[in-house]
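Here's the structure, in structure tokens; my notes come after.
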Amino acid sequence: MKDPRVQKLAEVITGYSCSLKPGEKFLIEANGSCDPLVEALIEAAYRAGAVPFVWLKKDELLRPLLMNCTEEQLSVMAENDIALMRQMDAYVGIRGGENTAE
């Protein structure tokens, strides 16, 4: 059973905070334990006629990647992030970290 509070939060985020309109591209960036909210945001975005995109990240995987990365690697990562963000009309970032040391 879905938590009605999560459903309500998704409606507030998509309807009030982002004011999604039909056809708008909506990026949901999620990091950590937040799958129920991500799912509710996807459903709310579709109800608003928007086009949701999901970008999932995990700190426990990002940390080892960044510990030994190169300047070139960081540059390519940043370029990809910028290219994706420029295509979006709205964005929400969700953090649900379980380990504050990550």
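These numbers were taken from a predicted model, which means no experiment stands behind them.
- For D89 (side chain) and K25 (main-chain N/O), a donor-acceptor pair under 3.5 Å exists by modelled atom type.
- Note: C18 SG to M88 CE = 12.5 Å, rounded to the nearest 0.5 Å.
- Shown here are the side chain to side chain contact (heavy atoms under 4.5 Å, CB included) partners of K8, two or more places apart in sequence or in another chain: V12.
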Output side-chain donor-acceptor pairs under 3.5 Å for residues 78-85, partner residues at least two apart or in another chain, one line each.
from, atom 1, to, atom 2, distance (Å)
E79, OE2, S75, OG, 3.3
N80, ND2, V76, O, 3.1

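- Remark: the backbone N or O of S19 is paired with a side-chain donor or acceptor of K21 at under 3.5 angstrom.
- Contact of the M77 side chain with the L66 side chain is registered, since non-hydrogen atoms from C-beta on lie closer than 4.5 Å.
- Side-chain N or O atoms of Q73 include one that pairs as donor or acceptor with a backbone N or O of T70 at under 3.5 Å.
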If you look only at distance, which donor and acceptor atoms sit under 3.5 Å apart when one is on a side chain in residues 38-54 and the other is two or more places apart or in another chain?
from, atom 1, to, atom 2, distance (Å)
E43, OE1, K2, NZ, 3.2
E43, OE2, K2, NZ, 2.8
R47, NE, E11, OE2, 3.2
R47, NH2, E11, OE2, 2.3

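- Atom CG of L62 and atom NZ of K57 lie 7.0 Å apart (nearest 0.5 Å).
- Note that the CD atom of E60 and the CG atom of L65 stand 13.0 Å from one another [nearest 0.5 Å].
- Hydrophobic clustering (side-chain heavy atoms under 4.5 Å, transitive across Ile, Leu, Val, Met, Phe, Trp, Tyr) keeps L20 apart from Y91.
- Proximity of R95 to E29: side-chain heavy atoms (C-beta onward) are separated by under 4.5 Å at one or more points.
- Separating the CD1 atom in I94 from the CD1 atom in I28 is a distance of 6.5 Å, to the nearest 0.5 Å.
- To the nearest 0.5 Å, the span separating CG on L56 from CG on L61 amounts to 11.5 Å.
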